Amino acid sequence: MAMQFYASPEQVQRDRSEYARKGIARGRSAVVLSYEGGILLVAENITTLRKISEIYDRIAFAAVGRYNEFENLRRAGVRMADMTGLTYDRRDVTGRALANAYTQTLGAIFSETQKPYEVEICIAQVGAAPEQDELYRIMYDGSALDEPGFMAMGGQAEAISTVLKERHDVNADLPTALALAAEALGSVGGENGQTRTLGASSLEVAVLDRRRTGRTFRRLADSVLTTLLGHEQVPEADLGETDAAPPAHGDSKPTESAASEDTE
């Protein structure tokens with residue numbers, strides 16, 4: 001009878017961790033940081049697929065790694081937030097609760113399936129002041145970290161974090177914070193260790209604007225990014241809109257179903 005190959009649980013965990021880390025490191029990086037007006041989320045992205053999205057009123061989602069895997073996680077988070085807000089109250093939807101749910105999901109996938117998810121995600125919740133912002137990093141194995149005001153994910157995250165650590169200022173304005181994020185992302189990935197200059201076409205950027213009520217997520221268009229990268233201010237009203245705002249009420253929309261009419 002053929003002998004079945006045996007690997008210790010410790011070796012299996014190490015192999016899965018190495019596999020996931022290598023997959024994440026191959027992807028482009030993302031940066032999340034607090035600034036005076038809210039939370040800035042910046043990802044190096046040259047495709048139309050989104051790495052940054054809105055989860056709920058004051059909560060955003062950013063991820064690196066395999067798109068199909070973190071997109072499944074994002075959609076599950078949106079459903080969980082909507083159900084909680086409808087069942088209880090919108091104030092009961094918190095970034096910490098979502099982070100806890102993601103840690104359980106990713107932990108179970110890492111331990112119980114053959115292939116771990118090659119993803120690293122951030123759940124960001126904007127507060128009334130920078131010191132009240134919450135940034136949660138959730139790793140591929142379900143481990144979670146509460147980050148102190150800034151974080152980098154994917155690619156050469158440690159080198160990017162070094163740049164952020166040296167110059168991050170929670171009291172900076174939006175152009176200054178965006179310039180720092182773009183510089184940090186461009187500090188790695190160049191030929192022979194050279195830095196890169198990332199323009200608006202290479203970046204996906206969104207903010208959680210602490211000054212707004214209700215839905216605070218705003219995605220920044222290329223024209224706005226170009227202005228901000230030129231160290232110029234943009235009026236708050238021109239920052240952008242949410243990805244999918246509720247449809248406006250139509251005055252001519254019927255209020256009764258055609259099936260209710262007596263057709264006899």
Side-chain angles (χ1 to χ4, degrees), residues 4-32 39 41 43 45 49-126 133-148 150-155 157-158 161 206 208 217 243:
Q4 187 175 9
F5 177 77
Y6 172 78
S8 67
E10 292 83 0
Q11 183 62 46
V12 171
Q13 298 292 72
R14 284 195 295 269
D15 290 344
R16 290 177 178 173
S17 295
E18 183 179 2
Y19 177 85
R21 283 197 298 266
K22 287 182 177 179
I24 295 169
R26 286 193 293 266
R28 299 176 186 270
S29 301
V31 166
V32 183
I39 295 178
L41 304 99
N45 189 3
L49 302 177
R50 301 300 192 188
K51 292 183 177 181
I52 299 170
S53 300
E54 178 185 27
I55 291 287
Y56 212 61
D57 289 348
R58 306 184 71 81
I59 303 172
F61 173 99
V64 294
R66 294 185 71 89
Y67 175 79
N68 63 314
E69 293 176 346
F70 68 67
E71 176 64 10
N72 286 335
L73 294 171
R74 183 195 68 83
R75 292 170 65 90
V78 171
R79 287 194 296 267
M80 175 185 170
D82 282 343
M83 288 298 298
T84 302
L86 288 171
T87 305
Y88 303 101
D89 189 88
R90 300 186 75 89
R91 292 170 295 181
D92 293 321
V93 181
T94 64
R96 180 176 300 177
L98 285 165
N100 287 335
Y102 280 131
T103 59
Q104 295 175 30
T105 300
L106 285 172
I109 292 171
F110 182 81
S111 300
E112 299 172 6
T113 63
Q114 188 71 21
K115 177 195 171 300
Y117 272 18
E118 301 168 59
V119 299
E120 188 174 346
I121 66 177
C122 170
I123 297 297
Q125 179 172 344
V126 67
D133 293 342
E134 299 178 17
L135 302 180
Y136 299 101
R137 179 203 299 266
I138 300 97
M139 306 291 288
Y140 56 87
D141 60 353
S143 58
L145 297 172
D146 188 356
E147 297 289 347
F150 66 89
M151 60 176 288
M153 307 181 293
E158 292 185 5
S161 295
L208 291 173
F217 183 89
D243 286 342

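Treat the numbers as computed from the prediction; the structure is a model and nothing was measured.
Between L41 and A60 the shortest heavy-atom distance is CD2-CB, 4.0 Å. The two atoms that bring A157 and A152 nearest to each other are CB-O, 3.6 Å, heavy atoms only. For the pair V93 and G85, the tightest heavy-atom approach, listed with the atom from each and the gap, is CG2-N, 3.6 Å. Across all non-hydrogen atoms, the minimal contact from E120 to I24 is OE1-CG2, 3.9 Å. Here the shortest heavy-atom pairing between A124 and L208 reads O-CD1, 3.5 Å. Considering all non-hydrogen atoms of both residues, L98 and G77 come closest at CD2-O, 3.7 Å.
Taking NZ of K51 as the start and CZ of F61 as the end, the distance is 12.0 Å to the nearest 0.5 Å. Of the inter-residue distances, the one linking C122 atom SG with M153 atom CE reads 5.5 Å to the nearest 0.5 angstrom. Atoms CD and CG, on Q125 and D57 in that order, are 10.0 Å from each other to the nearest 0.5 Å. Here the straight-line distance linking atom OG1 of T103 with atom CE of M139 works out to 13.0 Å at 0.5 Å rounding. The line from CG of L145 to CD1 of I138 is 9.0 Å long, rounded to the nearest 0.5 Å. Of the inter-residue distances, the one linking T84 atom OG1 with D89 atom CG reads 11.0 Å to the nearest 0.5 angstrom.
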Inset, instruction - Apply side-chain contact (heavy atoms from CB on, under 4.5 Å) to R96 and Y136, showing your working. - result: CA-CA 8 Å; R96 180 176 300 177; Y136 299 101; 3.4 Å; yes

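Residues forming a side chain to side chain contact (heavy atoms under 4.5 Å, CB included) with R16 (at least two apart in sequence, or on another chain): V12, Q13, F110, P116. Contacts of V78 classified as side chain to side chain contact (heavy atoms under 4.5 Å, CB included), with partners at least two apart in sequence or in another chain: I55, R74, D82. Scanning for side chain to side chain contact (heavy atoms under 4.5 Å, CB included) contacts around Q114 gives an empty result, with sequence neighbours left out.
Judged by distance alone, the side chains of Q104 and N100 never bring a donor and an acceptor atom under 3.5 Å apart. Checked by atom type, the side-chain pair E118/Y19 shows a donor-acceptor distance below 3.5 Å.
Here the side chains of L106 and L73 are in contact, with some heavy-atom distance below 4.5 Å. The side-chain heavy atoms of R21 and Y140, taken from C-beta on, include a pair separated by under 4.5 Å.
Here the options are D133, T94, V126, I39, the test is side-chain contact (heavy atoms from CB on, under 4.5 Å), and the partner is R58; only V126 passes.
Counted within 6.0 Å of CD on E158, heavy atoms from surrounding residues, nucleotides or ligands total 12 or fewer; the atom is thus considered open.
Contact check on E18 versus K22 returns a salt bridge, with a Lys/Arg side-chain nitrogen under 4.0 Å from an Asp/Glu carboxylate oxygen.
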